[in-house]
Protein chains: 2
Amino acid sequence: MGTTQLESVPEPKYWHLKTVLSEALDSEFSVGEILPNERDLAARFGVARATLRQALEQLELEGRLQRRRGVGTTVAPPRVGVAVGTEQQAWPGGAGDVWQAVDCTPAAPPAAVAAALETGPDDTVYTVRRSRVSQGQPVAAELLYVPESSVPELSAIDAPSGPARARAVLRELQRLELEGRDSAVELGSARADDARELDRLPGAPVLVVTTRFLADGRTAALSVATYRADTCRLTFGDSGGVEIHQGPERQAS
Amino acid sequence: MGTTQLESVPEPKYWHLKTVLSEALDSEFSVGEILPNERDLAARFGVARATLRQALEQLELEGRLQRRRGVGTTVAPPRVGVAVGTEQQAWPGGAGDVWQAVDCTPAAPPAAVAAALETGPDDTVYTVRRSRVSQGQPVAAELLYVPESSVPELSAIDAPSGPARARAVLRELQRLELEGRDSAVELGSARADDARELDRLPGAPVLVVTTRFLADGRTAALSVATYRADTCRLTFGDSGGVEIHQGPERQAS
DNA sequence: AAGTGGTCTAGACCACCTT
DNA sequence: AGGTGGTCTAGACCACTTC
């Protein structure tokens with residue numbers, strides 16, 4: 001009879017909430033502004049705090065919000081574009097490299113890395129830790145695996161301490177002729193150590209960029225770089241990359 | 001005195017749970033195998049269902065699990081690598097294109113797209129919907145925006161219906177000389193229509209690849225492609241890209 | 001000390017798929 | 001009809017930051 005079936009697929013509350021909040025962010029808030037706390041927001045929308053949090057989580061995943069424990073929830077600035085494709089058609093550590101070497105330890109790598117490097121289980125592989133900063137914020141942490149066979153001239157005496165040894169390894173790498181690289185991007189969640197370096201909680205969503213450096217017809221080095229997914233837009237290709245953002249952007253006073 | 005402060009930073013339950021489950025997946029389960037249901041698993045580990053779900057969500061985000069309402073939770077196969085960088089240094093729709101045209105509607109695009117295309121608010125822009133299938137599974141949905149000025153010879157009479165008109169637009173595009181492209185990758189969540197096409201729920205995590213096609217010194221077309229983040233590894237560069245996976249892989253019987 | 005977001009619980013009901 | 005995952009509630013306590 002008269003029971004017209006509108007809303008045959010009822011929208012979940014948190015989904016509708018997300019839409020409402022998203023529009024409010026565009027029209028009523030400025031970048032950097034602090035939102036009301038979760039308990040107040042939940043009460044205002046008449047939902048449980050867990051439901052509100054589900055909406056906030058999505059908005060944070062999309063880079064619209066930033067939440068910090070003990071502080072509050074703020075409107076996030078647009079994502080920063082970080083170049084990962086070109087601009088560095090060279091070895092890590094070459095001219096114009098945006099990475100900063102942290103330290104370097106010789107150790108047997110994880111099994112999956114050893115397989116990709118085609119090294120035996122007992123071959124030593126240098127693990128270089130590097131970090132990348134953009135606009136004052138840490139955006140990525142990297143583990144660069146360099147098998148000993150790629151830097152045969154390196155002697156342990158060259159550099160006793162952390163960052164110095166890392167730079168020595170990178171310098172030795174330049175002696176090889178780079179034949180090509182290929183990369184892959186996938187979604188992951190931050191390990192505890194990466195999370196600390198990226199100023200996020202463990203499990204935060206990250207974009208994992210795995211790059212293989214080819215020389216001498218084999219994989220001469222392998223980089224696993226972990227980018228903050230909430231704040232970064234990875235750009236590839238000729239120039240900067242496209243920025244598609246949703247609404248008006250204003251600056252907090 | 002004796003109260004040695006181990007575990008000064010107590011690990012959250014869901015995080016520990018995730019680790020335990022992850023190891024169990026490596027050693028005791030095969031790809032495609034069905035896990036016990038959430039209520040049983042929660043009881044077995046002595047936690048609330050919500051806590052268990054927090055762990056499962058992370059594992060799904062990392063591509064280790066696949067959950068389907070009404071069915072159950074299964075062990076996911078390794079992510080498929082999908083090439084997005086090279087292999088198609090040509091216009092969309094050219095030889096070897098892996099995309100399948102769905103339909104095409106002339107309409108005013110979203111404001112953000114119009115800005116990137118540098119078109120006026122009243123210029124008509126063809127919106128071509130395409131989909132990409134890999135190994136029998138839908139992996140991506142694309143919206144390709146082509147301003148009318150990029151396909152001046154196109155007449156509406158050429159192709160009355162959906163897919164045919166889409167192909168006509170792509171064909172006209174080939175007449176321009178492609179000068180370059182640049183792309184950006186970022187994390188997003190699936191809109192309702194994309195989610196339906198990707199066989200996921202709305203809000204599912206996706207990798208959004210935005211590509212600008214340059215010709216005549218301007219942006220001649222703009223592609224916004226939405227890839228399933230749980231099942232895809234985007235590869236760029238010379239060859240296939242590296243696969244780093246955690247543990248042993250077996251096949252379900 | 002007070003206020004914030006992060007974790008956790010023990011329930012309830014719903015939408016979807018299989019049988 | 002019965003079982004699955006998805007949504008939602010109303011609380012509680014904890015970790016962290018700021019005052």
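Residue numbers start from 1 in every chain, and the chains themselves are labelled A, B, ... in the order their sequence lines are given, proteins ahead of strands.
- Checked against side chain to side chain contact (heavy atoms under 4.5 Å, CB included), Thr231(A) has the following partners two or more places apart in sequence or in another chain: Arg228(A).
- In terms of the side chain to side chain contact (heavy atoms under 4.5 Å, CB included) criterion, Val133(A) has no residue partners (sequence neighbours excluded).
- Taking five base pairs at each end of the helix from dA1(C)-dT18(D) to dT18(C)-dA1(D), the local helix axes there meet at an angle of 10°, rounded to 10°.
- Rounded to whole Å, atom P of dG3(C) lies 19 Å from atom CG of Leu35(A).
- The CG-P distance, from Asp199(B) to dC16(C), rounds to 13 Å in whole Å.
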For this session: Would you mind building the protein contact string for nucleotides 6-11 of chain C? One character per nucleotide, 5' to 3', B for base within reach (heavy atoms under 4.0 Å), S for sugar-phosphate only, - for untouched.
Result: BBSB--
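- With sequence neighbours left out, Ser223(A) forms a side chain to side chain donor-acceptor pair (under 3.5 Å) with Glu142(A).
- Scanning for side chain to side chain contact (heavy atoms under 4.5 Å, CB included) contacts around Asn37(B) gives Arg39(B), Asp40(B), with sequence neighbours left out.
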Just distance, no hydrogens or angles: give the donor-acceptor pairs under 3.5 Å from side chains in residues 101-115 of chain B, sequence neighbours left out.
none

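- Residues from residues 187-196 of chain B that place a heavy atom under 4.0 Å from any atom of DNA chain C: there are none.
- Here Thr73(B) reaches the OP1 or OP2 of dG5(D): one of its side-chain N or O atoms lies under 4.0 Å away.
- Applying the side chain to side chain donor-acceptor pair (under 3.5 Å) criterion to Glu62(A), with sequence neighbours excluded, gives Lys18(A), Ser189(B).
- Considering only residues two or more places apart in sequence or on other chains, Ser134(B) meets the side chain to side chain donor-acceptor pair (under 3.5 Å) condition with none of them.
- Look at Asn37(A) and you won't find any side-chain N or O under 4.0 angstrom from OP1 or OP2 of dG3(C).
- In this structure Asp193(B) satisfies the salt bridge (charged side-chain N to carboxylate O under 4.0 Å, His left out) test together with Arg129(B), Arg191(B), sequence neighbours excluded.
- Looking at residues two or more places apart in sequence or on another chain, you find a side chain to side chain contact (heavy atoms under 4.5 Å, CB included) between Thr73(B) and Leu35(B), Leu65(B), Arg67(B).
- Ring planes of Trp99(A) and Tyr227(A): perpendicular class, angle over 60° (limits at 30 and 60°).
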